[in-house]
Each structure stands twice: as structure tokens, then as C-alpha cells.
S.K.: 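Next up is a structure, given as C-alpha cells.
When a residue number appears, it is its place in the shown sequence, counting from 1. For ligands, and for the atoms within them, numbers begin at 1 and follow the listed sequence. The structure displayed is predicted, hence computed values, not measured ones.
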Amino acid sequence: MVEVVNHEKVSSEDISVTQLLMKSILDNQRKAFYKEGTVDIATRVDRLGRAVSVLQNYKKEFCSAMSEDFGHRSVHQSVLTDIGGSIASLQDASKRLKKWIRPQRRKSMFPIGYLGASSKVEYQPLGVIGCISPWNFPLQLAFGPLAGMLSAGNRAMIKPSELTPATSDLFKKAIAESFDLEELAVITGDVETGRSFSQLNFDHLVYTGGSRVAKDIMREASNSLVPVTLELGGKSPVIIGKSADVESSAAKIIMGKTMNAGQVCLAPDYVFVHDDILKEFVASLESAFKMMYPSIKDNPDYTSIINEHHFDRLMQYIDDAELKGAKVKTLNPSDEDFNGQPHFKIPLTLVIDPTENMSVMNNEIFGPILLIKSFSSLEEPIDYINGRPRPLALYYFGHDRQEERNVLDRTFSGGVTVNDVLLHAAQDDLPFGGVGESGFGRYHGFEGFKQFSNCRSIFRQSKLVSKLAATMWPPYSK
Ligand code: NAD
């Protein structure tokens, strides 16, 4: 059984059936887009509003579905990240759209600007945008890009992850109740469906996920020269300077690292701590964890790993690090036995002094493992970070403004939070995206609107310049 589109279930072994159906939705969306003509502000605001209502009306059911998909997922966290976070982006776009959409006057070449010619940029929708989203924030990573797509006046097709089937099914149903298939369609299915989806001739394609699949997506999209936005991951570093407030930095890192059990593209992956405060920092991590999670197994605030495959992958990282000589500390305040648990929960595990030959050092962790390295001079973390693929996020803790400037000027990442973690991504007015291997393209706020718009350059010639220009046409003479 292959589930194909919003309203239908199609039983077929043949992926081409899925492909044909997806293609027909795309064709119909494109036809409707052309027929619609100008997409006025009221229509865009109405679409954004309907997306908000979907989240509000199904809030409880969505949280249960996400918990079912993860084995267990903190409901408070789901409300904060997937429901609240998505609503905030959609409402922000709705509020600021009027300002974003305004044509921008630009300077015309001297002297024709003074002689009546004019230049401006107008933002035009692109048409139909495809969006392939992952499992870790199954709603936020579909509704977030949607805020940009709908505010820019586009229609959209979304392919959510097969790893969160309950959430994806409910998402499809809820969207179908509030949107015409020609406006917004959700297409569920497995990796093969994703592959066919990436072959469609969209006006733009957004992919959020791992870099291995991103290469396939880009290759497929290149066949029709479909422009892509790639929102990928990587190993996001933290630098804790000597001037940092150790206790509060540790608590913030615990908060950020345990959110969604570390299954966050921006989660701190490895921490460089100044030698002088290393011991105090590790002790502070332990006490902050104990305070936030006195127990883990049945603690509703602690989320499970998505499935057995990822559980095994993470446990292998820990075993490998231990075998190769790292100091491994499992933060398990109630000394619980995790054998035979109904979910795939893993207690936060600190890997201290890891070496480069460990698999945990060479892969994005995407789970509750935190690597800790020490440094004596700032050059060490800066050189280390610059010797590796450019990360999605970078975090600096400290109150030494010169050191902070040094870190900001000499490292590269998609975004930065100073004296906290993750939070730059929660600011709707800040563009979100990666650099280098962590992806390219930006969304959130005005940059999201712009990303999904055609920034059209319009030059209007004046009568006076036309007359003068005629004197300069060939044949040329002295
Ligand atoms: P995933 O396995 O859920 O895959 C994402 C989507 O890609 C799914 O819808 C899936 O069906 C589809 N897909 C898989 N193979 C495909 C193919 N060959 N062709 C077309 N579509 C295909 O997600 P994942 O990759 O496990 O996600 C985790 C990764 O995503 C991590 O690396 C994480 O850092 C990254 N991530 C990035 C962001 C960001 O905003 N930058 C956010 C979340 C996750």
C-alpha cells in the first residue's frame, strides 16, 4: 500500500502511479496559480491564518501523534517547539507581510535617474514550491518554511518524513480539511515517494535533512534546473571561555542538549572548555542534569530516540568511544536500568577527551551524547573548527568582548548564539540556514519571504532619456 495524496489511498506496487498523481497535483497547482493572477495580501493572510488554525485545532492530537511516533516525546516540548514555534512564524509573517511586499526603489544609473528614468525591485511569487521535511520536528520544519512560501504568495506541496507516520497522516488530514489540493497538498510515503517527489518540476524545492540525501535531491533537481534550498545539519561546536559563568552555561547547554533528546540539527555537538574551568564545568553539567531530570525512564519530560536504528547508532558511538579510551560519564541520577524499556531512551552521556579516531567525532551525533574537549589557548578551538566542515550553529559563552569578537570574526557557521544555545533560530526576524556543508539558502522572516519570491528588477525608461539616447545610436561618428 502506497499512500499518495491528501484525499486518496492508492494501492499499487508501481511508484510511477505515485509519480503521476504527484505530477497531476503539481500541474493543477500551477494552472490555478496562473489563473489566480496577482495574489493579494488578504489571500496570503487568509492562507497563513488557516495554517495557524490547523495547528490550534489539532494541537492535542498532534502532540499525541508525535509522542506515538517517538515512542515518547515530551508534550510540553512539542507544544513549545512544533505548535508554538510554528504558529509564531506564521503569525509573524502575517503581521509583517505588508511591509515585506512593498516594492523597493533602487538607484538608476547617473545621469538617467535625474532625467526621469526609474528602477525598482518587485517581489513576485515563484509559483509552486516543494518541501521535503524530516522527522525530528515534524511540524515545525514543514510549517516554518510554509510561513515564507505562503507569505510570498506561492502554492506548495509537502512531503513529510515516513519516520513519523502518525504525525504525517494527521498533518495530511488536517491540511486537506482547510486547504484546497490546488493550494497546499501533503504527500505521504516512503523514501521512494521522496525520490519521485524530488524529480518534480517545482519552481523551487526545499529539503531539510541529512547531507547524504541532500546530494541525491540536488542531483535530481538539477535535471530540471529546479533551484534548491538545503537545510542540513553537522557538528555544532560550543566554546566556553575562561570568563564564562560556568554554572549557568552548563545549565543552558543541558537544556539545549536534552531538548528532543538531542535530536536537533542545532544541538551542541562538542564543547571546548578552557582548562581552568573544565572540572567545574563537568560537575555543573552533572548537577544541572540531575536538577532537570531526577529520573529518566518514566520521566514525561525526557524524550525517546526515534527508533531502534538511531538507538543502535548512538549506543555504538558510546561503546566505540569507551573502547578507544575516552572517559565516558552516563548521567543517570536515579541509577535506572535501561534494559527492556518500552522506548529507546538514552541518558545524557558525556564523552570527555575524545580522540579523532572515534566514530562519535566523525559523525553528527543527533542524540543525547555530548563531547567535551579542553583548551588552553583560543587558537586551538578556532583552528579545530576551521579544519572541519562549516557547522549550522556555533555557540560562545563568556563575557570577554574581545574574545567574543575574535570567535565571531574567525569562525564560520550558519548562525551564532552568544551566552546561550539554539536561540538564534527562535528569532523570527533572523534568517535561518547553513553555510558550506550545513546547507544553503535562508528562511524565517523577511529572508524567508525573499527566498521564495522572484526579486524582479524593473527599469522604466523616460521620454527625455529616450530622446537623448537616440542621438547616441549607430552609425557612430566623431
Ligand atoms: P529523514 O530520514 O526524515 O529524511 C528527510 C526527508 O527526506 C524525509 O521526508 C524522507 O522521506 C526524504 N528522503 C529520504 N531519502 C530521500 C531520497 N533519496 N530522495 C528524496 N527524499 C528522500 O531525515 P534525516 O535525514 O534523518 O534528518 C536528520 C538530518 O537532518 C540531520 O542531519 C539534521 O541535522 C538535519 N536537520 C537539519 C535541519 C535544519 O533546519 N538545518 C533541521 C532538522 C534536521
S.K.: Which atoms of ligand 1 have any heavy atom of Gly233 under 4.0 Å away?
M.R.: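 Answer for ligand 1: 34 (O).
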S.K.: Is Arg442 positioned over the aromatic face of Phe432, cation under 6.0 angstrom from the ring centre and no more than 45 degrees off axis?
M.R.: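 Cation-pi check for Arg442 and Phe432: fails.
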S.K.: Quick one: does Gly210 get an N or O within less than 3.5 Å of an N or O on ligand 1?
M.R.: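 By distance alone, the answer is yes.
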S.K.: Report yes or no: does a heavy atom of Tyr207 sit under 4.0 Å from some atom of ligand 1?
M.R.: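 Within the 4.0 Å threshold, so yes.
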S.K.: First locate atom CG of Leu430, then atom OG1 of Thr417, and finally report the distance between them rounded to the nearest 0.5 Å.
M.R.: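 Leu430 CG to Thr417 OG1: 8.5 Å, rounded to 0.5 Å.
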S.K.: Is any NZ, NE, NH1 or NH2 atom of the basic residue among Arg73 and Asp69 found under 4.0 Å from an Asp or Glu carboxylate oxygen of the other?
M.R.: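 So Arg73 does not pair with Asp69 through a salt bridge.
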S.K.: Is the number of heavy atoms from other residues, nucleotides or ligands under 6.0 Å of Met255 CE greater than 12?
M.R.: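 At most 12 heavy atoms, drawn from other residues, nucleotides or ligands, come within 6.0 Å of this atom.
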S.K.: So if I count the atoms of ligand 1 from 1 in the order they appear, which ones are less than 4.0 Å from some heavy atom of Ile132?
M.R.: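 Selected atoms, number and element: 6 (C), 7 (O), 9 (O), 12 (C).
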S.K.: Would you say Leu232 and ligand 1 have an N/O pair spaced under 3.5 Å apart?
M.R.: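 N/O-N/O distance under 3.5 Å: yes.
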S.K.: Using salt bridge (charged side-chain N to carboxylate O under 4.0 Å, His left out), reason through Asp46 and Arg50 one step at a time and then give a plain yes or no.
M.R.: CA-CA 6 Å; Asp46 169 58; Arg50 274 185 279 147; 2.8 Å; yes
S.K.: Could you tell me whether Thr208 and ligand 1 have an N or O pair separated by under 3.5 Å?
M.R.: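 N/O-N/O distance below 3.5 Å does not exist for this pair.
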S.K.: Give a yes or no on this: more than 12 heavy atoms of other residues, nucleotides or ligands lie within 6.0 Å of atom CE of Met218.
M.R.: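 No, the 6.0 Å shell around CE holds no more than 12 heavy atoms from other groups.
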S.K.: With a cut-off of 6.0 Å (strictly less than), are more than 12 heavy atoms of other residues, nucleotides or ligands near NZ of Lys59?
M.R.: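 Atom NZ in Lys59 is not packed in, count stays at 12 or less.
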S.K.: Cation-pi check, Arg390 to Phe412: give yes when NZ or CZ is under 6.0 Å from the six-membered ring centre and within 45° of the ring axis, no otherwise.
M.R.: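 The answer is yes, since Arg390 meets both limits relative to Phe412.
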S.K.: Could you pull out, from Cys265, Ala142, Ser198, Ser211, the option with a heavy atom nearest to atom 37 (C) of ligand 1?
M.R.: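 It is Cys265 whose heavy atom sits nearest to atom 37 (C) of ligand 1.
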S.K.: In the protein, what heavy atom is nearest to atom 18 (N) of ligand 1, and what distance, to one decimal place, separates them?
M.R.: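 The closest heavy atom on the protein side is Arg195 NH1, 3.5 Å.
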S.K.: Can you confirm whether more than 12 heavy atoms, excluding those of Lys450, are under 6.0 Å from its NZ atom?
M.R.: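 Open: at most 12 neighbouring heavy atoms sit under 6.0 Å from NZ of Lys450.
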S.K.: Starting from atom 34 (O) of ligand 1, what is the nearest protein heavy atom, named by residue and atom, and what distance separates them?
M.R.: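 Checked against all protein heavy atoms, atom 34 (O) of ligand 1 sits closest to Glu364 OE2, 2.5 Å.
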S.K.: Give the minimum heavy-atom separation between Glu182 and Ala32, together with the two atoms involved.
M.R.: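 Smallest heavy-atom distance, with atoms named: OE1-CB, 3.8 Å.
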S.K.: Under 4.0 Å, heavy-atom basis, I'd like to know which part of Leu141 is in contact with ligand 1: side chain, backbone, both or neither.
M.R.: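 Side chain only; the backbone of Leu141 stays clear of ligand 1.
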S.K.: Which atoms of ligand 1 sit under 4.0 Å from any heavy atom of Phe432?
M.R.: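 The atoms of ligand 1 under 4.0 Å from a heavy atom of Phe432 are 40 (O).
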S.K.: Using a distance-only test with no angle check, is there a side-chain donor-acceptor pair under 3.5 angstrom linking Asn357 and Thr355?
M.R.: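 A pair is found: one side chain offers a donor N or O, the other an acceptor, under 3.5 Å apart.
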S.K.: Starting from atom 3 (O) of ligand 1, which protein heavy atom do you reach first, and at what distance in Å?
M.R.: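 Going atom by atom, the protein heavy atom closest to atom 3 (O) of ligand 1 ends up being Ser161 OG, 2.8 Å.
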S.K.: Pull out every atom of ligand 1 sitting under 4.0 Å from any heavy atom of Gly194, numbered as shown with elements.
M.R.: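 In order of numbering, the contacting atoms are 19 (N), 20 (C), 21 (N).
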S.K.: Considering only the protein, which heavy-atom contact is closest to atom 16 (C) of ligand 1, and what is its distance?
M.R.: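 So the nearest neighbour among protein heavy atoms is Val213 CG1, 3.3 Å.
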S.K.: Give yes or no for whether the N/O distance cutoff of 3.5 Å, strictly under, is met between Ser133 and ligand 1.
M.R.: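 It does: an N or O of Ser133 is found under 3.5 Å from an N or O of ligand 1.
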S.K.: For ligand 1, which atoms sit closer than 4.0 Å to a heavy atom of Gly209?
M.R.: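 Listed by number with element, the hits are 25 (O), 27 (O), 29 (C), 30 (O), 35 (C).
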S.K.: Take Asp169 and Lys173, measure what salt bridge (charged side-chain N to carboxylate O under 4.0 Å, His left out) needs, and give me the verdict at the end.
M.R.: CA-CA 6 Å; Asp169 282 349; Lys173 173 178 161 292; over 6 Å; no
S.K.: Looking at Arg30 and Asp203, does any basic side-chain N land under 4.0 Å from a carboxylate oxygen?
M.R.: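 Judged by the 4.0 Å cut-off on N to carboxylate O distance, Arg30 and Asp203 do form a salt bridge.
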S.K.: Could you tell me which atoms of ligand 1, counted from 1 in the order shown, lie closer than 4.0 angstrom to a heavy atom of Leu392?
M.R.: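 Near Leu392, meaning under 4.0 Å from one of its heavy atoms, ligand 1 has 41 (N).
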S.K.: Hey, is ligand 1 close enough to Glu162 that some N/O pair sits below 3.5 Å?
M.R.: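 Yes, Glu162 has an N/O under 3.5 Å of an N/O on ligand 1.
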S.K.: Is there a polar contact between ligand 1 and Asp190, counting only N or O atoms under 3.5 Å apart?
M.R.: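 No, since none of the N or O atoms of Asp190 sits under 3.5 Å from an N or O of ligand 1.
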S.K.: What residue and atom, counting heavy atoms only, is the protein's closest point to atom 1 (P) of ligand 1, and at what distance?
M.R.: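 Heavy-atom neighbour on the protein nearest atom 1 (P) of ligand 1: Trp135 CD1, 3.7 Å.
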S.K.: So if I count the atoms of ligand 1 from 1 in the order they appear, which ones are less than 4.0 Å from some heavy atom of Ile217?
M.R.: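 Per the distance check, 20 (C), 21 (N).
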S.K.: Quickly, which of Arg388, Lys235, Lys257, Lys373 forms a salt bridge (charged side-chain N to carboxylate O under 4.0 Å, His left out) with Asp269? Name it, please.
M.R.: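 When salt bridge (charged side-chain N to carboxylate O under 4.0 Å, His left out) is applied between Asp269 and each of Arg388, Lys235, Lys257, Lys373, only Lys235 qualifies.
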S.K.: For Pro160, take its heavy atoms, then give the atoms of ligand 1 lying under 4.0 Å from any of them.
M.R.: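 Those atoms are 9 (O).
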S.K.: One residue to check: Thr193. Relative to ligand 1, which of side chain, backbone, both or neither has a non-hydrogen atom less than 4.0 Å away?
M.R.: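 Answer for Thr193: neither.
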S.K.: Does CD in Glu356 sit with more than 12 non-hydrogen atoms of other residues, nucleotides or ligands closer than 6.0 Å?
M.R.: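 Atom CD in Glu356 is packed in, count exceeds 12.
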S.K.: Heavy-atom pairs closer than 4.0 Å: do any link ligand 1 to the side chain of Lys159, the backbone, both, or neither?
M.R.: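 Both backbone and side chain.
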S.K.: Just distances here: any N/O of Asn136 and N/O of ligand 1 closer than 3.5 Å?
M.R.: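 No; the residue has no nitrogen or oxygen that sits under 3.5 Å from a nitrogen or oxygen of the ligand.
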